[in-house]
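Just the heavy atoms: all of them, side chains too, but no hydrogens, waters or symmetry mates, feed the values below. Note on naming: letters A, B, ... go to the chains in the order of the sequence lines (proteins, then strands), and numbering restarts at 1 for each one.
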Amino acid sequence: MQLSASEIAQLLNGSVEGDPQVKVNRPSKIEEGGIGTITFLANSKYEEFAYTTTASVLLVSRGFVPKQQISATLIRVDDVYNSISFLLEKFGNQVVINTGISSQAFIHPTAKLGQDVSVEMFSVIEEGVIVGDGSRIASQVYIGRNVELGKNVILYPGVKIMQDCKIGDNCIIHPNVVIGGDGFGFAPQANGSYKKVPQTGNVVIESDVEIGAGTTIDRATMGSTIIRSGVKLDNLIQIAHNVEIGENTVIAAQAGIAGSTKIGKNCRIGGQVGFAGHIIIADGTQIQAQSGIASSIEEPNTALFGSPAIGYKDYIRSYAVFKKLPELYRLLAELEKQVKMNGSPPE
Amino acid sequence: MQLSASEIAQLLNGSVEGDPQVKVNRPSKIEEGGIGTITFLANSKYEEFAYTTTASVLLVSRGFVPKQQISATLIRVDDVYNSISFLLEKFGNQVVINTGISSQAFIHPTAKLGQDVSVEMFSVIEEGVIVGDGSRIASQVYIGRNVELGKNVILYPGVKIMQDCKIGDNCIIHPNVVIGGDGFGFAPQANGSYKKVPQTGNVVIESDVEIGAGTTIDRATMGSTIIRSGVKLDNLIQIAHNVEIGENTVIAAQAGIAGSTKIGKNCRIGGQVGFAGHIIIADGTQIQAQSGIASSIEEPNTALFGSPAIGYKDYIRSYAVFKKLPELYRLLAELEKQVKMNGSPPE
Amino acid sequence: MQLSASEIAQLLNGSVEGDPQVKVNRPSKIEEGGIGTITFLANSKYEEFAYTTTASVLLVSRGFVPKQQISATLIRVDDVYNSISFLLEKFGNQVVINTGISSQAFIHPTAKLGQDVSVEMFSVIEEGVIVGDGSRIASQVYIGRNVELGKNVILYPGVKIMQDCKIGDNCIIHPNVVIGGDGFGFAPQANGSYKKVPQTGNVVIESDVEIGAGTTIDRATMGSTIIRSGVKLDNLIQIAHNVEIGENTVIAAQAGIAGSTKIGKNCRIGGQVGFAGHIIIADGTQIQAQSGIASSIEEPNTALFGSPAIGYKDYIRSYAVFKKLPELYRLLAELEKQVKMNGSPPE
């Protein structure tokens with residue numbers, strides 16, 4: 001597809017500075033560019049490339065003030081990131097899952113598939129499964145007994161969803177995700193061994209949730225592990241049994257949440273963060289990557305850092321002194337000597 | 001199944017307080033409850049719910065002293081967690097793997113399958129594999145050449161076990177676990193590149209081991225990576241080549257153990273903990289989540305915290321001061337000024 | 001295969017001390033040994049076993065000076081680790097993937113397979129895929145549309161490679177790796193929800209790259225996520241969209257790299273390390289396990305530690321004082337008291 005700068009500006013409700021007739025046929029990264037491409041400047045870290053990019057069109061925010069000359073035609077928009085997202089959908093490739101039901105899939109006769117459901121090769125759909133209209137199931141997926149999938153769900157290759165779990169409308173689940181494996185529950189025995197506590201609950205994922213490759217979400221011991229609407233989970237995240245994650249919370253890769261912890265709405269959680277079990281995290285909490293959250297957070301919209309985590313700014317201030325500790329140590333030793341001298345009785 | 005409070009008390013060797021005839025047909029979480037359910041109080045964090053739960057029966061410890069009135073019938077038992085585990089087995093659903101050998105599985109003619117073995121769709125059992133009686137192999141599992149599985153092993157969908165590995169009786173391996181991938185061994189070359197060191201050993205897993213979804217256990221360079229009886233591994237754990245983990249050690253999610261490290265028996269290791277390679281960890285070591293273990297631990301039953309880890313209490317005490325470092329820094333600067341004044345010669 | 005010490009010495013360009021006729025037929029670990037085995041001493045931590053090993057032949061470095069008597073025949077070589085690697089190839093088992101194309105694989109009619117390509121059971125090769133000569137594809141692998149694989153690539157069971165990705169010659173990809181899942185990109189909306197930013201790029205992996213089990217590498221938003229030649233990635237690593245990793249960089253298990261970060265050549269990165277997004281790491285950087293890299297590193301060959309990471313030695317020095325903080329705190333309080341006394345006006 002080819003569009004002119006003025007056509008794009010119209011789509012995005014933006015204004016053109018430069019040649020409105022210049023044509024583009026694909027998006028590019030600002031540092032790579034290329035004639036006939038459209039690129040964008042959303043993060044000021046990349047501003048230097050705005051002055052050197054060979055892209056034909058550059059999306060910028062309404063308020064952007066160039067410090068040097070820019071060869072690309074500018075389109076000014078209210079929200080650069082949303083605009084480029086809109087354009088990527090226009091130019092970008094679609095979800096690549098074959099339509100129809102493969103004869104090489106196994107579908108139990110009691111499973112109920114809605115309209116326009118796709119199932120690819122070597123996937124298994126077990127007894128009593130319900131799949132909503134328009135859902136697409138790629139190759140080598142496993143869907144256990146009595147699982148319910150909503151409408152327009154996408155399951156990528158290798159996804160495993162164990163029995164009794166529920167997935168809401170419009171969820172996107174990336175390759176090799178595991179939903180509904182047993183929670184990690186063992187009763188210590190007198191002889192030092194552990195006895196498995198049966199994990200009889202399920203996982204309930206509401207609508208518009210996206211889950212990154214390799215992430216694991218365990219079924220509840222009793223009741224449900226719950227992922228609320230709009231949650232976005234990155235790759236290789238661990239969600240333990242009976243956890244609940246509030247609406248529109250976003251969690252970066254390799255974070256881990258121990259059993260029965262409840263995370264509020266609209267939280268933003270960095271990569272490799274760990275949460276202890278049985279704690280409650282207030283809405284809007286923001287947690288820096290690699291932090292460890294050992295106890296409940298009651299105040300909404302708090303920013304945290306460290307392991308165990310404290311206030312973000314407090315951690316930064318303490319860590320600034322941490323770096324000077326050897327110097328402090330020497331200074332303290334000197335002072336001690338000096339004080340002893342000062343304090344010694346005059347001769 | 002429906003049981004009365006008195007029937008349950010008899011099963012658990014417990015004593016009833018309240019209506020012995022009240023009937024329950026499923027377990028519930030204490031905060032959810034519901035008429036006709038049995039719930040439990042094992043963690044004092046949840047005590048407040050004991051006074052509001054709508055469950056019909058509540059399991060508590062012998063010594064529990066209520067602070068308010070409780071509407072549920074109480075059953076007092078010696079060990080609440082073991083009792084609820086016992087009941088979950090009674091009420092809970094069973095392992096959901098179809099019996100019999102699927103015609104859509106590939107089973108090499110030289111593989112030897114014991115009595116009552118199940119193999120589901122699209123699984124592969126290679127040349128020379130031995131599977132013990134009663135073992136159940138779910139869909140999309142791969143079992144490489146000459147692997148030996150003991151009796152009553154459960155392999156969930158997507159598990160991959162590479163050639164020559166051995167798995168003992170009663171092991172439970174959750175979806176998408178990888179056992180016997182190559183260890184990470186490379187010999188540095190003069191030109192800066194690395195040459196692969198062939199990984200010719202295997203993985204040996206003894207009996208009664210449970211392994212969580214997505215965990216990876218690498219084969220030894222030579223000899224065996226060994227997981228001893230009764231070990232419980234949570235999800236997304238990394239076990240490198242030639243590691244050995246002692247009996248009944250429990251490891252939480254996302255921990256990682258570098259090559260050739262030996263961990264003792266009865267250790268309890270938190271989530272996201274990391275171990276350096278070639279170290280030895282004494283029996284009974286307890287490690288707080290996110291800690292980093294850089295050197296051997298010789299004293300058994302030590303509690304550790306930090307990265308690099310030190311004694312648990314030492315870390316807590318040092319971290320308490322860490323939080324006050326900016327204040328300390330100011331105080332030290334003030335003192336320095338004061339000392340200089342004090343020490344200056346009188347005029 | 002059986003070889004004498006003198007035959008091995010000739011292969012390795014080494015010199016024999018002891019019986020040149022003694023025969024060995026397999027490698028062993030030094031602490032296990034066994035008559036008829038050859039073992040090695042590459043790490044001085046294991047020197048004590050050199051004096052007790054029952055192996056028949058022991059590889060040591062040219063400069064090794066025994067402190068006690070050694071019963072094994074010694075072979076002295078220039079580089080012990082490369083020598084044992086060479087021998088493991090001689091003695092070791094080969095890659096275990098059946099040759100030929102399984103009739104139980106799905107291969108799209110438009111896919112182009114080179115000479116001597118193997119494809120095992122229940123694997124899927126989609127429309128437009130190109131597979132180079134000698135590549136071996138194990139069971140339950142998924143290769144999406146228009147993927148290109150070079151020559152002699154090995155894909156182990158359960159690997160998923162999504163559409164449009166490219167994998168160079170001689171790459172080895174271990175079980176359940178995911179290449180080309182969508183990057184984690186969402187545009188925040190006014191109502192607190194997030195809108196998916198289409199991920200329209202791909203992943204490009206150059207030649208001689210090895211990728212450990214369960215690792216995930218996301219496709220670029222636009223352009224490519226790039227893994228350069230000779231990179232070695234351990235298990236359960238997360239590589240986000242638009243990351244680039246330079247030649248011959250080695251990354252240990254469970255490390256995570258956030259979006260658009262560029263890592264230089266010849267870096268060595270420890271386990272569980274995390275990188276912020278949009279930063280640049282100089283060639284030859286060495287990062288201690290569990291460190292967090294929050295900003296760009298400009299100086300090549302720097303050693304780093306901590307979260308956020310600082311110079312390795314600086315961290316070690318600061319951490320040494322951190323351990324003494326409670327003592328420092330007491331000392332400072334005492335000094336303060338003393339200074340006040342000293343400074344009080346004489347009576």
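Only the side chain of B:L331 comes within contact range of chain C, judged by heavy atoms closer than 4.5 Å. Residue B:A190: no heavy atom, backbone or side chain, is found under 4.5 Å from chain C. The part of B:E126 that comes within reach of chain C is its side chain, from C-beta onward, which places non-hydrogen atoms under 4.5 angstrom from that chain. If you measure heavy-atom distances from B:E334 to chain C, you find no contacts under 4.5 Å at all. The contact between C:E336 and chain B is made by backbone and side chain atoms together, counting heavy-atom distances below 4.5 Å. Only the backbone of B:V141 comes within contact range of chain C, with at least one heavy atom under 4.5 Å from a heavy atom of that chain. If you measure heavy-atom distances from B:S224 to chain C, the contacts under 4.5 Å come from the backbone alone.
Screening C:V250, C:D208, C:T249 for a side-chain contact (heavy atoms from CB on, under 4.5 Å) with B:Y194, the sole residue that qualifies is C:V250.
With values rounded to the nearest 0.5 angstrom, B:K196 atom NZ is found 12.5 Å from C:N170 atom CG. Atom OH in C:Y81 sits 12.0 Å away from atom NZ in B:K195 (nearest 0.5 Å). In this structure, C:L325 CG and B:K324 NZ are separated by 11.0 Å, a value rounded to the nearest 0.5 Å. Distance NZ/C:K45 to OG/B:S296: 5.5 Å, rounded to 0.5 Å.
Under the rule for a side-chain hydrogen bond (donor to acceptor under 3.5 Å, both in side chains), the partners of C:T37 that lie at least two apart in sequence or sit in another chain are C:S28. B:K323 pairs by the side-chain hydrogen bond (donor to acceptor under 3.5 Å, both in side chains) definition with nothing, not counting sequence neighbours.
C:Y319 approaches B:P308 most closely through the heavy-atom pair OH-O, 2.5 Å. Smallest separation of non-hydrogen atoms from B:D218 and C:N235: OD1-ND2, 2.8 Å.
Under the 30°/60° scheme for interplanar angles, the aromatic rings of B:F122 and C:F122 are found to stand perpendicular.
By number of non-hydrogen pairs under 4.5 angstrom with chain B, the leading residue of C:L332, C:N266, C:L335 is C:L332.
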